[in-house]
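No hydrogens, no waters, no symmetry mates; every other heavy atom, side chains included, goes into these values. To find a chain, count down the sequence lines: A is the first, B the second, and so on, and within it residues start at 1.
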There are 2 protein chains.
Amino acid sequence: MKVKVKNKMLLKDYFTYKSKRGLKTSQKRLFIIDYFLNEDRHFSIEELYHEIRKINSQISFSTVYRTLRLLTDCGLAQECCFAEGMVRYEPVHKARHHDHLICRKCGRIIEFENSEIEKLQNHVAKKFGFLVVSHALELYGLCTMCQKKQRRS
Amino acid sequence: MKVKVKNKMLLKDYFTYKSKRGLKTSQKRLFIIDYFLNEDRHFSIEELYHEIRKINSQISFSTVYRTLRLLTDCGLAQECCFAEGMVRYEPVHKARHHDHLICRKCGRIIEFENSEIEKLQNHVAKKFGFLVVSHALELYGLCTMCQKKQRRS
DNA sequence: ATGAAAATGAAAGTCAAAGTCAAAAATAAG
DNA sequence: CTTATTTTTGACTTTGACTTTCATTTTCAT
Ligand SMILES: [Mn+2]
Ligand SMILES: [Mn+2]
Ligand SMILES: [Zn+2]
Ligand SMILES: [Zn+2]
């Protein structure tokens, strides 16, 4: 099994990390990383595992689990602890920070950025002498489609 | 065991709910509710259980657990899913909504309100045609005290 | 006081997440 | 290329935070 990587650019940070830490790159790990970074979604471990399984049924849950943690360690993935009781992982775009609108009905996730909100957050923190390291802002509710569906019934 | 309630006012909503649903009020439940509402903190089930256990060692984990869910059902408590991997419960002040600053070092929780941020949140939601039902905003970092401690070492 | 209904507690069950370890794969050395 | 060393894998076990079960106890309307 020899994996053809879709986009070598995305893997750059991984290879840097790998060299520094004396890791070895198995074909399975390579496949998972490549798939995860190119899909660019908010995967739970379970979800990613099941999708990958359809393509390559030789990859175990353990390996998917460990690869997501590895990507988190080398800064290519980020954990999202939404109010679902399980962790999701999303690729860290080289680009920038964003927050989320999450549909309680269909699970759709919309990303947004709002520098005004971020500014106000920092302002609040300063008022309390608090040093902000990270933050979570999630708006839960119904996406446009689910609102329409609800009105119909 | 006969519980002396510290503040009957706080229990009003519970008694309304109780009557509507044909519940019975055990002394243990009464003690837990009274303690929780008067302490007015952000308890994990485990924490509340251990504190209560020091005062009344005849109360089980199950009962604390079930009482917190009951309070959530009757609108007297709210679940807080901070990024710790466990749920906390806080009394719902008759007053108003607020968000949280959370110290990653000592666990201290500071509450704040900022209507400007809330307005901007609604503005963002509207832009995406999204109907917001609830939201979570938490700022994680270091409180003043923990920053000082860190500088000293 | 009594008995139907609700609450309790000890124990067992869930389930996502994390750890274990022998076997397999990758890569460094010869 | 072959061997040796190190890392990775996968099946399995363990953990921990809930959540449910059910026999026993408590509540409270009559
Ligand atoms: Mn995102
Ligand atoms: Mn609070
Ligand atoms: Zn939706
Ligand atoms: Zn602190």
Side-chain angles (χ1 to χ4, degrees), chain A residues 1-3 5 11 14-15 17-35 42-50 52-53 56-74 77-89, chain B residues 1-3 5 11 14-15 17-36 42-50 52-53 56-74 77-89 107:
Chain A
M1 175 220 194
K2 200 75 182 161
V3 172
V5 170
L11 293 167
Y14 165 69
F15 283 113
Y17 183 89
K18 176 204 109 129
S19 303
K20 257 204 312 237
R21 304 282 285 258
L23 304 184
K24 295 177 180 177
T25 301
S26 73
Q27 294 302 303
K28 288 172 181 177
R29 179 182 287 170
L30 194 58
F31 181 85
I32 298 168
I33 298 180
D34 188 54
Y35 187 86
H42 303 79
F43 280 111
S44 70
I45 305 174
E46 202 77 32
E47 281 172 5
L48 182 56
Y49 169 63
H50 284 303
I52 280 180
R53 205 112 227 288
N56 185 333
S57 63
Q58 293 309 105
I59 292 176
S60 76
F61 181 86
S62 295
T63 301
V64 174
Y65 166 77
R66 282 186 291 231
T67 301
L68 285 173
R69 306 211 80 193
L70 176 61
L71 287 174
T72 305
D73 288 343
C74 62
Q78 186 163 36
E79 295 190 354
C80 302
C81 302
F82 301 147
E84 298 174 293
M86 66 173 161
V87 177
R88 290 181 177 277
Y89 294 82
Chain B
M1 174 222 196
K2 200 77 184 162
V3 172
V5 170
L11 292 167
Y14 164 69
F15 282 113
Y17 183 89
K18 176 204 112 130
S19 304
K20 258 204 311 237
R21 303 282 284 257
L23 304 184
K24 297 179 178 176
T25 302
S26 71
Q27 293 302 303
K28 287 172 181 179
R29 180 183 288 172
L30 194 58
F31 181 85
I32 297 168
I33 297 180
D34 189 55
Y35 188 86
F36 173 75
H42 303 78
F43 279 110
S44 70
I45 305 173
E46 202 77 33
E47 280 173 5
L48 181 55
Y49 169 62
H50 283 302
I52 280 180
R53 205 113 227 287
N56 184 332
S57 62
Q58 294 310 106
I59 293 176
S60 75
F61 180 87
S62 296
T63 302
V64 174
Y65 164 76
R66 283 187 288 231
T67 301
L68 286 173
R69 307 213 80 192
L70 176 61
L71 287 174
T72 304
D73 288 344
C74 62
Q78 186 163 36
E79 296 190 354
C80 303
C81 302
F82 302 148
E84 297 173 295
M86 67 175 158
V87 177
R88 289 182 178 277
Y89 294 82

Exercise for the section: Ignoring hydrogens and angles, tell me if any N or O in the side chain of Gln27(B) forms a donor-acceptor pair with the backbone of Lys2(B) under 3.5 Å. Expected result: no
Rounded to the nearest 0.5 Å, how far apart are [atom1] of [X] and [atom2] of [Y]?
X: Thr25(A); Y: Ile33(A); atom1: OG1; atom2: CD1; result: 7.0 Å
X: Ser60(A); Y: Lys28(A); atom1: OG; atom2: NZ; result: 7.0 Å
X: Ile45(A); Y: Arg69(A); atom1: CD1; atom2: CZ; result: 8.0 Å
X: Lys18(A); Y: Leu70(A); atom1: NZ; atom2: CG; result: 11.5 Å

Fill in the blank from the handout: The single option from Gln78(A), Glu79(A), Glu47(A) that satisfies side chain to side chain donor-acceptor pair (under 3.5 Å) with Arg88(A) is Glu47(A)
Exercise for the section: Examine dT25(D): is either OP1 or OP2 under 4.0 Å from a nitrogen or oxygen in the side chain of Lys28(B)? Give yes or no. Expected result: no
Exercise for the section: Please state whether the phosphate of dT19(D), meaning OP1 or OP2, lies under 4.0 angstrom from any side-chain nitrogen or oxygen of Tyr65(B). Expected result: yes
Using whole Å, report how far [atom1] of [X] lies from [atom2] of [N].
X: Tyr49(B); N: dC18(D); atom1: OH; atom2: C1'; result: 15 Å
X: Tyr17(B); N: dA7(C); atom1: OH; atom2: C1'; result: 14 Å
X: Leu70(B); N: dT8(C); atom1: CG; atom2: P; result: 9 Å
X: Phe31(B); N: dT8(C); atom1: CZ; atom2: C1'; result: 16 Å
X: Glu47(B); N: dG16(D); atom1: CD; atom2: P; result: 16 Å
X: His50(B); N: dG16(D); atom1: NE2; atom2: P; result: 13 Å
X: Lys20(A); N: dT7(D); atom1: NZ; atom2: P; result: 17 Å
X: Leu71(B); N: dA7(C); atom1: CG; atom2: P; result: 13 Å

Handout entry: Interface residues of residues 77-88 of chain A with DNA chain C (non-hydrogen, below 4.0 angstrom)
Key = Met86(A), Val87(A)
Handout entry: Residue whose closest nucleotide on DNA chain C lies nearer the 5' end, Thr67(B) versus Phe61(A)
Key = Thr67(B)
Handout entry: Heavy-atom closest pair, residues Ile59(B) and Arg53(B)
Key = O-NE, 3.2 Å
Practice task
Mind listing the closest non-hydrogen atom pair of Lys24(A) and Tyr14(A) along with its distance?
Solution key: O-OH, 4.0 Å
Under 3.5 Å, which protein N or O atoms sit close to an N or O of nucleotides 28-30 of chain D? Give each pair with its distance.
from, atom 1, to, atom 2, distance (Å)
dC28(D), OP1, Thr25(B), N, 3.1

Practice task
Answer with yes or no whether Arg66(B) presents, from its side chain, a donor or acceptor under 3.5 Å of a partner atom in the base of dG9(C).
Solution key: yes
Practice task
Classify the side chain of Ser62(B) and the base of dA10(C) as holding, or not holding, a donor-acceptor pair under 3.5 Å.
Solution key: yes
Practice task
For residues Phe43(A) and Tyr89(A), establish whether the separation of their ring centroids is below 6.0 Å.
Solution key: no
Handout entry: Sugar-phosphate, base or nothing in reach of Arg69(B), heavy atoms under 4.0 Å
Key = sugar-phosphate
Practice task
Using side-chain contact (heavy atoms from CB on, under 4.5 Å) as the criterion, point out the one residue from Val64(B), Leu71(B), Leu68(B) that pairs with Ile32(B).
Solution key: Val64(B)
Handout entry: 5' priority, DNA chain D, between Arg21(A) and Glu46(B) [closest heavy atom]
Key = Arg21(A)
